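These notes concern the structure reproduced below.
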Number of protein chains: 2
Amino acid sequence: MATTTTTSDRPLRRDAERNRQRILVAAHEAFAEDGLSVTLDEIARRAGVGVGTVYRRFPDKDQLIDALFEHQMGEFVALAEECLTDAAPWDGLVRFLEQACASHACDRGFKEVALSGTHGLERVARARQLMFPVVSRLVARAQADGSLRADVAATDIPLLQVMLGTLSECTRDVEAGVWRRYLMLVLDGLRTSRDTPTPLPHEALTPEQTQRTMSAWKHSSR
Amino acid sequence: MATTTTTSDRPLRRDAERNRQRILVAAHEAFAEDGLSVTLDEIARRAGVGVGTVYRRFPDKDQLIDALFEHQMGEFVALAEECLTDAAPWDGLVRFLEQACASHACDRGFKEVALSGTHGLERVARARQLMFPVVSRLVARAQADGSLRADVAATDIPLLQVMLGTLSECTRDVEAGVWRRYLMLVLDGLRTSRDTPTPLPHEALTPEQTQRTMSAWKHSSR
DNA sequence: ATAGAAGTGGAGGCTATGTCTCCACTTGTT
DNA sequence: AACAAGTGGAGACATAGCCTCCACTTCTAT
C-alpha cells in the first residue's frame with residue numbers, strides 16, 4: 001500500500017503526510033467493501049478529513065485509484081508468475097484462479113480495477129497488460145500437460161473470472177464462501193476428462209439464501 | 001404480449017387503447033435492449049407519446065413491468081415444465097438452461113425480471129416462485145438418471161444463470177453468441193463424468209475482443 | 001515566540017438524471 | 001355540436017456526485 005509517489009518537490013508537511021496516508025487507508029477499505037463507485041466524500045468521511053483535503057492530494061478519483069492499486073496489481077502479476085513454476089501445471093492454473101477469485105471476493109475495488117479496464121491510469125493499465133502473457137503461458141503449460149482441455153483459450157480465463165466475480169459479489173452478504181463451489185464446478189468443466197465429480201468445497205445455498213441473494217442482486221445499469 | 005389487464009370499468013377510448021399498446025411495445029423493446037433501468041421518458045419517446053400519457057396508464061414503472069412480463073414469465077414456466085417431459089432427463093435440463101440463457105441474452109429486461117426478485121409486482125413474483133419446484137424436478141430427474149452429478153442442488157441453477165447471464169450481457173456488443181461456449185463449459189462441469197471434452201459451440205474471443213468486452217463492462221453499483 | 005507558509009474543512013455551486021404533476025389544448029363519441 | 005376523455009411536454013421536485021473556494025487552523029524555521 002501507500003506508495004510514496006507525488007511528483008515530489010518539497011516533501012509534505014508532517015500532518016499533511018499523515019492525512020495522505022489516512023486517505024489511502026480509508027479509500028482502500030471503502031473500495032474493498034463497496035467497490036470503486038464510493039464517492040470521494042465518503043472516503044473523506046471515513047478518513048476523518050474534509051473533502052477539500054482529499055481533492056488537494058488527489059486531483060481526481062482515478063489518480064487515487066491508480067496510486068492505490070498499482071502495487072496490488074504488481075503483486076498479483078508476480079503471483080501469476082509464481083504459479084507458472086508449480087511442479088504440476090494444472091495445480092498452477094488452479095492456484096492462480098483460486099487466488100484471483102479470493103482476491104476479488106474480499107476486495108471489490110481490486111476486482112473492478114483488475115477486471116474492467118475502465119478505471120485507474122497508465123500505471124494500473126500497464127500492470128493489467130502484463131497479465132495476459134502470463135495467463136497465456138499458464139494455459140499453454142496446462143494444455144501441453146494434457147490436464148487442461150485443449151479447446152479453451154487464454155482469453156477464456158478473464159471471462160471466467162468475470163462470471164465467478166459476479167457470483168462472489170452477489171453472494172458475499174449471504175454466504176461469503178460459496179464462490180469456491182462454483183469455481184470447482186467450472187474447473188471440472190475445464191479438465192480434459194474425469195471419471196467422477198470432484199467433491200465440491202462448499203455446501204449449496206438453501207432456497208432461502210438463494211432468494212435473499214437474488215433479491216439483493218443489483219444489475220449493472222450502463 | 002399485451003395483456004388486456006386494467007381493473008376495467010369503462011373500456012378505454014379507441015385512441016387511448018392504441019396508445020396503451022404502443023407503450024407496451026415500446027417498453028418491451030426498450031427494456032430488452034437496455035434493461036429495466038430505462039426511464040419512462042425514454043419509453044414515451046419511443047412510443048411516440050408524451051410522458052404524461054405513460055404515467056396516466058401506468059401509475060409507476062413496476063406496474064408497467066408487471067403488466068409486461070407476467071405473460072413472458074408464465075410462458076417460461078411452461079417451457080420448463082415441457083423440458084420435464086423430454087425422453088432423456090439430461091437433455092431436458094440442458095434444453096432448459098439453453099433456453100433460459102438464450103432468453104436472457106436477447107432480452108435484458110426479462111433477464112432482470114427473472115433473475116433479480118426486486119422488480120415487478122405480485123403477478124411476476126408469483127410466476128417466479130413457480131419456477132423453483134420445476135427446476136428442482138429437472139435436477140432430480142437428471143440425477144436419478146446418473147447423468148447429472150449428484151452433488152449439485154436445485155439452488156445452484158439460478159446462480160449458474162446469474163453467472164452466465166452476466167457473461168452474455170458483457171459480451172453482447174462484442175460477439176453476441178459466445179455465451180454458448182461458457183454454457184457448454186459449465187455443462188461439462190455438471191456431468192457426472194466424461195472421457196473427453198464436449199466440443200465448444202463457439203470460438204473463443206480474440207484478445208482484442210476480450211479487451212473491448214472488459215473495458216465496456218460496467219460493474220453493479222449498489 | 002512568532003511570522004508566514006502550508007494545510008484544512010465543509011458549505012455550497014454546478015451538473016446530471018430521473019420521477020412525476022399539471023393544465024391548456026386536442027380528439028373521439030354520441 | 002357538445003362535452004367527456006385523452007394528450008403532451010414543460011417544468012417542479014428530489015437525489016446524488018464532483019469539485020471549488022476561502023476564512024480559518026496548524027506547523028515549522030528562525
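Letters A, B, ... mirror the listed sequences (proteins, then strands); counts begin at 1. None of the values given here were measured: they were computed from a predicted structure.
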Is any NZ, NE, NH1 or NH2 atom of the basic residue among A/Arg46 and A/Glu33 found under 4.0 Å from an Asp or Glu carboxylate oxygen of the other? yes
Expressed as a whole number of angstroms, how long is the span from B/Ile23:CD1 to D/dG6:C1'? 11 Å
D/dC18 P sits how many Å from A/Leu36 CG, rounded? 12 Å
Within less than 4.0 Å of OP1 or OP2 of D/dT7, is there a side-chain N or O belonging to B/Asn19? yes
Separation of atom CZ in A/Arg57 from atom P in C/dA6, rounded to whole Å: 12 Å
Does atom CD (A/Gln211) have a neighbourhood of more than 12 heavy atoms from anything else shown, all under 6.0 Å? no
Give a yes or no answer on whether the side chain of B/Lys61 reaches the backbone of B/Val38 with a donor-acceptor pair at less than 3.5 Å. yes
Quick check for you: to the nearest 0.5 Å, what is the distance between B/Leu164 atom CG and B/Glu98 atom CD? 11.0 Å
Under 4.0 Å protein heavy-atom contact, by nucleotide of nucleotides 18-30 of chain C - B base, S sugar-phosphate only: SBBB-----BSS-
Is the shortest side-chain N to carboxylate O distance from B/Glu42 to B/Arg45 below 4.0 Å? yes
Atom CD1 of A/Ile43 and atom P of C/dG9: how far apart are they, to the nearest Å? 15 Å
Using whole Å, report how far CG of A/Asp34 lies from C1' of D/dA16. 16 Å
Distance in angstrom units between A/Glu42 CD and D/dC18 C1', rounded: 15 Å
For B/Arg95, does the CZ atom sit with more than 12 other heavy atoms under 6.0 Å from it, leaving out its own atoms? yes
